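Computed from a prediction, not measured in an experiment: that's the story for all the values here. Residue numbers count from 1 along this sequence.
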Amino acid sequence: MPEIVCNRLADTIEAVDVGIDEYGGGSPSPSSSPDSSKELIRAQAIDKITYIHIHECDNFSIGMFCFPAGGTFPLHDHPGMTVLSKLLYGSMYVKAYDWVKFDTSNYRTIGLAGKVMDGVMETPCEPSVLFPRSGGNIHAFTALTPCAILDVLSPPYSDELDRPSTYFLDYPIPSLPGYAVLEERDVPEELVVAGAPYLGPPIVTKEDPCFLQDYRP
């Protein structure tokens, strides 16, 4: 049930709701936020992969990755996490795998993975959910146009709690279509991620005093 609720909430979110102007005019579209004077991040001005951190607590984190056309985020995993994602605008090529069998006894993780997705996502589209061992837990993105993806990770990445982000190379198996050997790699040198401030509305959680004041039934 919580996954259904989260999906429905994510499905209503637009880029302007989280502080991004996807149209390039410096203000929201007339059908979106009525506050046209509010400063927004202009999607068309983003020239490198940019991460916008929205919120994090012990249970989950929320953030956005904004891509210029051609920006690529290499294969990476989400250990022990459930991830809700929503493509906010644009289109991207997605390649995703789930483990069939893997070995962590050596210095680097290596194993057999089955391909879950190998295709294009474009807006409008429904949110997607991946789970610790299903749904495409290891995936890579390539932006075909300027685009942005909103991610809710539960629980969040944590090196201290053995939930690091691990990157992989994939080696397709010609005799076994749809499967590949994945091998852990170092953080790719070519991966450069900039940061940008969150310009959307404040996030209110149960830990905030105003939550009880504003949302008490």
Can you confirm whether [X] is buried at [atom1], in the sense that more than 12 heavy atoms of other residues, nucleotides or ligands lie under 6.0 Å from that atom?
| X | atom1 | value |
| --- | --- | --- |
| Y179 | OH | no |
| D103 | CG | yes |
| E122 | CD | no |
| D159 | CG | yes |

Under-4.0 Å salt bridge between D170 and K95:
yes
Are D186 and R108 ion-paired here, with the side-chain N under 4.0 Å from a carboxylate O?
yes
Please check if [X] and [Y] belong to a single hydrophobic cluster, counting links between Ile, Leu, Val, Met, Phe, Trp and Tyr side chain heavy atoms closer than 4.5 Å.
| X | Y | answer |
| --- | --- | --- |
| I52 | V152 | yes |
| L150 | Y198 | yes |
| I62 | Y89 | yes |
| L182 | M117 | no |
| V100 | Y97 | no |

So do the side chains of [X] and [Y] get within less than 4.5 Å of each other, counting heavy atoms only?
| X | Y | answer |
| --- | --- | --- |
| L112 | F102 | no |
| F67 | T145 | no |
| E184 | Y107 | no |
| C147 | E22 | no |
| L144 | V120 | yes |
| P127 | V129 | no |
| S91 | M121 | no |
| Y167 | P188 | yes |

Return the [atom1] to [atom2] distance between [X] and [Y], rounded to the nearest 0.5 Å.
| X | Y | atom1 | atom2 | result |
| --- | --- | --- | --- | --- |
| L40 | I20 | CG | CD1 | 9.0 Å |
| S158 | M81 | OG | CE | 8.5 Å |
| R133 | H78 | CZ | NE2 | 15.0 Å |
| L88 | C66 | CG | SG | 8.0 Å |
| F65 | L87 | CZ | CG | 14.0 Å |
| I138 | D98 | CD1 | CG | 7.0 Å |

For L84 and D151, run side-chain contact (heavy atoms from CB on, under 4.5 Å): C-alpha distance rounded to whole Å, both residues' side-chain angles, the deciding distance at 0.1 Å, then the answer.
CA-CA 6 Å; L84 173 67; D151 280 338; over 6 Å; no
Judged by atom type as modelled, is there a donor-acceptor pair below 3.5 Å linking the side chain of T50 to the main-chain atoms of K48?
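It does hold such a pair.
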Check: P132 main-chain N/O paired with N137 side-chain donor or acceptor under 3.5 Å:
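Side chain of N137 to backbone of P132: a pair is present.
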Please report the shortest heavy-atom distance between [X] and [Y], naming the atom on each side.
| X | Y | result |
| --- | --- | --- |
| C125 | K86 | O-CE, 3.7 Å |
| N59 | S154 | O-OG, 3.0 Å |
| P74 | A140 | C-CB, 3.8 Å |
| G63 | Y51 | CA-OH, 3.5 Å |
| G136 | L130 | O-CD2, 3.5 Å |
| P146 | Q44 | CG-OE1, 3.9 Å |

Please report whether the ring centroid of F60 lies less than 6.0 Å from that of H55.
yes
Go through it in stages, so that I can follow the logic: the residues are I149 and M64, the test is side-chain contact (heavy atoms from CB on, under 4.5 Å), and I'd like the CA-CA distance, side-chain angles, deciding distance and then a yes or no.
CA-CA 6 Å; I149 190 164; M64 286 180 292; over 6 Å; no
Carefully, step by step, assess T142 and T72 under the rule side-chain hydrogen bond (donor to acceptor under 3.5 Å, both in side chains).
CA-CA 4 Å; T142 299; T72 296; 3.3 Å; yes
For H76 and F73, take the angle between the two ring planes, folded into 0 to 90°, and tell me which bin it lands in: parallel under 30, tilted 30 to 60, perpendicular over 60.
perpendicular
Let me see the working for I49 and L191 under side-chain contact (heavy atoms from CB on, under 4.5 Å), right down to the final yes or no.
CA-CA 9 Å; I49 299 174; L191 177 61; 4.3 Å; yes
Check the pair I110 / Y171 against side-chain contact (heavy atoms from CB on, under 4.5 Å), numbers first and verdict last.
CA-CA 11 Å; I110 188 170; Y171 302 95; over 6 Å; no
